[in-house]
Amino acid sequence: MAQKFYVVWSGRKTGVFTDWASTLQSVDKHPGSRFKAFPTRAEAEQAFREGAPKRQPSIRGAAGTTNQSSMHIAHQCDVSIYCDGACEPNPGNAGSGVVVYRGGVLSELWYGLYNPKGTNNTAELNALHQALRMAETELAADNTVEVCSDSQYSIDCVSTWARGWEKRGWKKANGEIKNLEIIQACYAIYQRIEAEIKLTHVAAHVGTEGNELADRMAMYGAQRQEAALCRYAEPIDIAALLKMRAG
């Protein structure tokens, strides 16, 4: 893979970085961070000297929800990331799954984030958090990205409710905010990339391939009791994967 150079115009540290890990450390959870990847050092240094470009309305579309129900959907972005959570019983053994398509072709499967005392909602939020982290990396590499989840709760937490909760000091009028820590982690990333990302709601268990595979990976994560998010290392046989236990 060709090396990329990352310009950080606004972050804990600014300048030209030669690796994503250092870039992420500078921009992660930094309000108003601005950064972009370039293929050469010369382009990166010139871009840094010229300053951050003005934000333009994203051609990727503002964050919103779109229902999809077909087995194979037309991916409108370079990278499509599906995420799902599973818990059995609820509360109980929870796991999360993430599925990545590149150019409409299935590329990666991820499972794990096991929690023996989890819930469906915590599993969904954990999966969305990982998907947003991946999305931020892809955006930095100049890819267009969509994140797809069947959890309307998770999407609403991050794209709608969190903004008001934050203004009220992370409180709501009728009681505590459940799952606050993971919601805050998701929202921190979402704030940085919301103008560039397409956040899509998909119906659950209607045959959408990416959603079905994310569901299988979530159940696999709960069954394997793997605390970390792990890449699925077996051969990718979609028919066989879809026969795995569903959540």
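Quick note: residue numbers are just sequence positions, from 1.
- Taking CZ of R216 as the reference point, atom CD1 of I238 lies at 12.0 Å (rounded to 0.5 Å).
- In this structure, Y190 OH and I183 CD1 are separated by 14.5 Å, a value rounded to the nearest 0.5 Å.
- Side-chain atoms of E146 do not come within 3.5 Å of backbone N or O of K198 as any donor-acceptor pair.
- M244 and Y114 are members of different hydrophobic clusters when ILVMFWY side chains are connected at heavy-atom separations under 4.5 Å.
- Taking R163 as the reference, E194 meet the salt bridge (Lys or Arg N to Asp or Glu O under 4.0 Å) condition, with sequence neighbours excluded.
- The shortest side-chain heavy-atom distance between F17 and V8 falls under the 4.5 Å cut-off.
- For the atom pair CG of L132 and CD1 of I197, the computed distance is 5.5 Å after rounding to the nearest 0.5 Å.
- With N93 contributing its side chain and A222 its backbone, the two residues share no donor-acceptor pair below 3.5 Å.
- Contact annotation: the side chain of N120 never approaches that of Y153 to less than 4.5 Å [non-hydrogen atoms, C-beta and beyond].
- In this structure, CG on L229 lies 9.5 Å from CD on E226, to the nearest 0.5 angstrom.
- Within the structure, the salt bridge (Lys or Arg N to Asp or Glu O under 4.0 Å) test picks out the following pairs touching residues 84-109 (sequence neighbours left out): E88-R245, R102-E108, R102-E138.
- Contact record, C87 with G118: SG-O, 3.4 Å, taken as the closest heavy-atom pair.
- Using a 4.5 Å heavy-atom cutoff, the side chains of I189 and R192 are in contact.
- Checking side-chain atoms of S26 against main-chain N and O of K13 turns up a donor-acceptor pair under 3.5 Å.
- Residues E209 and E212 have side chains not in contact (no heavy-atom distance under 4.5 Å, counting atoms from C-beta outward).
- Y6 contributes atom OH, which lies 8.0 Å from atom CG of D19 (distance to the nearest 0.5 angstrom).
- One distance of note links CH2 of W9 with OG1 of T14; it measures 11.5 Å at 0.5 Å rounding.
- In this structure, K172 places its NZ atom where more than 12 heavy-atom neighbours from other residues, nucleotides or ligands lie under 6.0 Å away.
- When side chains are defined from C-beta on, W110 does not count as touching Q130, because their heavy atoms never get closer than 4.5 Å.
- L128 and M219 are not part of a single hydrophobic cluster, where members link through side-chain heavy atoms under 4.5 Å apart.
- In this structure the side chain of L241 reaches within 4.5 angstrom of the side chain of L109, judged on heavy atoms.
- Looking only at side-chain heavy atoms (C-beta outward), E136 and V145 stay at 4.5 Å or farther from each other.
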Does V100 form a side chain to side chain contact (heavy atoms under 4.5 Å, CB included) with M134? I'd like the steps, not just the answer. CA-CA 9 Å; V100 180; M134 293 179 184; 4.0 Å; yes
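- Counting heavy atoms from C-beta on, the side chains of N211 and C148 never come closer than 4.5 Å.
- Partners of Y232 according to the ring pair (Phe, Tyr, Trp, His ring centres under 6.0 Å) rule, which considers only residues two or more places apart in sequence or in another chain, are Y220.
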Given side chain to side chain donor-acceptor pair (under 3.5 Å), test T119 with N90 step by step and report yes or no. CA-CA 5 Å; T119 66; N90 183 31; 4.7 Å; no
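- The neighbour count for Q25 CD, taken as heavy atoms of other residues, nucleotides or ligands under 6.0 Å away, does not exceed 12.
- Judged by distance alone, the side chain of T144 and the main-chain N or O of D78 form a donor-acceptor pair under 3.5 Å.
- Remark: the backbone N or O of R133 is paired with a side-chain donor or acceptor of T137 at under 3.5 angstrom.
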